[in-house]
Structures are given as structure tokens and as C-alpha cells.
Amino acid sequence: MSTLSKETIQELAAHLESAELEAREVTKITDDYPDMDYEDAFDIQWEIRRRKEERGTRIVGLKMGLTSWAKMKQMGVEKPCYGFLADYFSCPEGGEIDTSGLIHPKVEAEIAFVTKKVLRGPGCSIADVMAATDFIVPAVEIIDSRYKDFKFDIKSVIADNSSSSRFITGGQMALPQDVDTTTLGVVLEKNGEIVETAAGAAVLGHPAASVAMLANMFGERGEEIPAGTFIMTGGVTAAVAVEAGDSINVRYHALGSISARFV
Ligand code: OOG
Ligand code: MG
């Protein structure tokens, strides 16, 4: 059930997308549209995606968010969300990330899956995800909510493409049968100091459960996840604020590390 008109969905998508492109803070949209529902929120996100694709931007992956208790507690939102990844979000491993195009970036350590078969909900399970996984690869997400002070509720954040902004992949890939992602230890360092640690099970008990949930959420809209999709499963720890001058390094048990410098 949606409550907003098609025109309002389009206006809000344009509003949030320009805030993203211009790195400009806005107030959360539920302040002005308190009655908007989940379908409205996802309609706005899908409209932002459509706008980007229409201009020739490629969609290079998907992400789940708010899948660990650490993240839910940090943001005060106890429900997972998803978003899409645009081509220009992708940043090189070990490289520089330009903060001038960002508002108030935060770093998240994540475990990503790349699929080799289509995933379709409802009823998608961890086993379905494992059978459809080509490989698992470390990832770091740089989120950047367009909302003032990084404060939002679940509907506002979904409309804002779940704060998606930049991401990095690196380290070593692994076959799904060769790695237990639940005990995969992750160590997040900022400027040479350990700031967060966790294991993969922090993400919904099993990172593959996050991919299954994504397939099931897509299923609610009649969408499927195509084969060959890169999917980030959500931060395993709370997100860490960064600014120009900071460096981060994330180590993944037996899967190498990812680093970046913010300039
Ligand atoms: C929403 C996006 C969360 C994650 O990995 O949990 C997210 C936010 O916290 O701004 O990407
Ligand atoms: Mg994330």
C-alpha cells in the first residue's frame, strides 16, 4: 500500500538524489511526510535508481544495511534495509577517497557475496544462498546519510538508498564451502588503532541470511536478484566516522585486508 502520489515519489527522489550528488544535508523526509509507508520509501529508492540508470549510470551491486545489532543499536533502527550500488560508488583498494564529495562519511567492515545463480523470494534460505554463491569477498562500505546529523528513521533511510555512497572490495576471495563466514573475524583499524572487532555471525547470525533476506524483500516487489550480483551483507560492527586525513585498514581472518586513505 502506498500513500504518496507518483508525483510526490518523483519529487522526493529528485530531492534526495540531488542532496547526494551535491553532498548537501537535508531534513529527514518523514518530518514532512509522517504518514508515508514502507512501499513509498522503497518506491522513492527505486525511482532514484531509475533516474541514475536513465542517465547511463550502471548498477554494480546491492547492499543490505542494519543487519547487525551493533549497527541497529548505533542508528536506533531495529529493522534491516537494502540499497543499490552505482558504478561511481566503487573505489580502489589501497587508494584515496575524496571526502569533498561526501557529507559526513562513516566506514563499515562487511562481508560480500557474488552470486552465480538467480535468487528469488519468498522462501529464500541460507542453503539457497550458499548454492547460488560464486564466491565470498571482503568489502568496506563508506556510508553517508544525506540526513542532518546522520539521524533518521527506517522509512527515511530506505528512501535515501540506505545511505549508500562508496565501497571498496579487496583481500582474497573464497569459495563458499571453504569459509565459515559466521566465525570470520574482522578487525577494523583507524589511523593504526583498533577501533572495532567482530565476527561474521554479528550479521543476522549468518551473513548468508542477509542475502536470503534481500531476496525475500525483493520478492515482495516481484523482483529477483540476477546471477552475477555483488551483494554486501551489512556492517559487522558499528560504523566509524572518518574525515580527510584519516586512514583505515580492515583485516579479515584468512582473507587479507582492505585499506583506504581519506583526503
Ligand atoms: C544505514 C545503512 C546501514 C549497514 O551496513 O548496516 C548499512 C545507515 O546506517 O546509515 O549500510
Ligand atoms: Mg553497509
Side-chain angles (χ1 to χ4, degrees), residues 16 19-20 23 25-30 38 41-42 44-45 48-49 59-86 89-91 97 102-113 136-170 181 184 186 188 195-214 217 229-242 248 250 252 258 260:
L16 288 172
E20 181 242 315
E25 284 189 336
V26 294
T27 55
K28 66 180 194 314
I29 58 171
T30 47
Y38 281 99
F42 281 116
I44 295 165
Q45 182 188 129
I48 295 174
R49 176 179 170 148
I59 304 307
V60 298
L62 297 171
K63 64 129 213 224
M64 284 291 281
L66 303 171
T67 50
S68 66
W69 178 239
K71 275 289 313 182
M72 294 190 218
K73 195 172 141 204
Q74 181 181 35
M75 304 321 296
V77 175
E78 294 186 13
K79 199 175 150 75
C81 54
Y82 66 75
F84 64 84
L85 304 173
F89 293 3
S90 176
C91 297
I97 294 180
L102 306 175
I103 306 164
H104 37 209
K106 290 185 189 176
V107 167
E108 298 180 322
E110 309 209 7
I111 298 165
F113 286 59
I136 286 155
V137 65
V140 164
E141 182 174 25
I142 296 96
I143 50 169
D144 192 31
S145 175
R146 268 54 71 171
Y147 297 121
K148 197 171 174 307
D149 303 325
F150 227 112
K151 291 211 177 87
F152 47 69
D153 47 56
I154 183 73
K155 291 167 194 164
S156 294
V157 73
I158 289 168
D160 183 32
N161 192 22
S162 297
S163 311
S164 302
S165 173
R166 300 288 182 269
F167 70 94
I168 311 166
T169 65
T181 56
L184 203 165
V186 179
L188 170 52
V195 286
E196 296 285 345
T197 60
V203 169
L204 297 172
H206 195 309
S210 173
V211 179
M213 186 181 276
L214 177 64
M217 289 169 94
T229 303
F230 167 75
I231 304 162
M232 294 195 293
T233 55
V236 291
T237 72
V240 175
V242 287
I248 58 111
V250 187
Y252 297 81
I258 294 178

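It should be emphasised that the depicted structure is a prediction, and the values quoted were computed from it without experimental measurement. These numbers come from the heavy atoms of this one structure, side chains and all, not from hydrogens, waters or symmetry mates. One-based numbering, in listed order, for ligands and for the atoms of each.
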A.B. asks: Which protein heavy atom lies closest to atom 1 (C) of ligand 1, and at what distance to 0.1 Å?
C.D. replies: Ser163 OG, 3.6 Å

A.B. asks: Is there at least one pair of N or O atoms, one from Thr67 and one from ligand 1, spaced under 3.5 Å apart?
C.D. replies: no

A.B. asks: Looking at SG of Cys81 and NZ of Lys155, how far apart are the two atoms once the value is rounded to the nearest 0.5 Å?
C.D. replies: 14.0 Å

A.B. asks: Once you round to the nearest 0.5 Å, how far does CG of Leu85 lie from OG1 of Thr229?
C.D. replies: 10.5 Å

A.B. asks: Could you tell me whether some N/O pair between Phe152 and ligand 1 is separated by less than 3.5 angstrom?
C.D. replies: no

A.B. asks: Between atom CG of Asp144 and atom CZ of Arg166, what is the distance when rounded to the nearest 0.5 Å?
C.D. replies: 8.0 Å

A.B. asks: For Phe150, take its heavy atoms, then give the atoms of ligand 1 lying under 4.0 Å from any of them.
C.D. replies: 10 (O)

A.B. asks: Once you measure the plane-to-plane angle for Phe84 and Phe89, does it fall in the parallel (<30°), tilted (30-60°) or perpendicular (>60°) bin?
C.D. replies: parallel

A.B. asks: Name the closest protein heavy atom to atom 6 (O) of ligand 1, giving the residue it belongs to and the distance to 0.1 Å.
C.D. replies: Leu66 N, 2.7 Å

A.B. asks: Could you tell me whether Gln74 approaches ligand 1 through its side chain, its backbone, both or neither, with non-hydrogen atoms closer than 4.0 Å?
C.D. replies: neither

A.B. asks: For Gly234, counting its heavy atoms only, list the atoms of ligand 1 lying under 4.0 Å from any of them.
C.D. replies: 5 (O)

A.B. asks: When you look for heavy atoms under 4.0 Å from ligand 1, do you find them on the side chain of Ser145, its backbone, both, or neither?
C.D. replies: neither

A.B. asks: Using the Mg ion (ligand 2) as the apex, give the angle to atoms OE1 (Glu108) and OE2 (Glu110), rounded to 10 degrees.
C.D. replies: 90°

A.B. asks: Taking only heavy atoms of Gly235 into account, list the atoms of ligand 1 that are under 4.0 Å away from them.
C.D. replies: 4 (C), 5 (O), 6 (O)

A.B. asks: For Thr233 and Glu110, work out which heavy atoms get closest and say how close.
C.D. replies: N-OE1, 3.8 Å

A.B. asks: If we only count N/O pairs under 3.5 Å, is Glu108 in contact with ligand 1?
C.D. replies: yes

A.B. asks: Only N/O/S atoms count here: what is the atom of Glu141 closest to the Mg ion (ligand 2) called?
C.D. replies: OE1

A.B. asks: Please could you name the atoms of ligand 1 that Glu110 approaches to less than 4.0 Å, counting only its heavy atoms?
C.D. replies: 5 (O)

A.B. asks: Can you tell me which portion of Lys106 lies within the under-4.0 Å heavy-atom range of ligand 1? Options are side chain, backbone, both, or neither.
C.D. replies: neither

A.B. asks: At under 4.0 Å between heavy atoms, which part of Lys63 makes contact with ligand 1: side chain, backbone, both or neither?
C.D. replies: side chain

A.B. asks: For atom 9 (O) of ligand 1, grab the closest protein heavy atom and report residue, atom and distance to one decimal in Å.
C.D. replies: Lys71 NZ, 2.7 Å

A.B. asks: How long is the span from the CG atom in Asn161 to the OH atom in Tyr82, to the nearest 0.5 Å?
C.D. replies: 10.0 Å

A.B. asks: Do any N/O atoms on Ile143 end up under 3.5 angstrom from N/O atoms on ligand 1?
C.D. replies: no

A.B. asks: Compare all side-chain heavy atoms of Leu102 with those of Ser165 and state whether any distance is below 4.5 angstrom.
C.D. replies: yes

A.B. asks: Would you tell me which option among Cys81, Gly65, Ser162 has the nearest heavy-atom contact to atom 2 (C) of ligand 1?
C.D. replies: Ser162

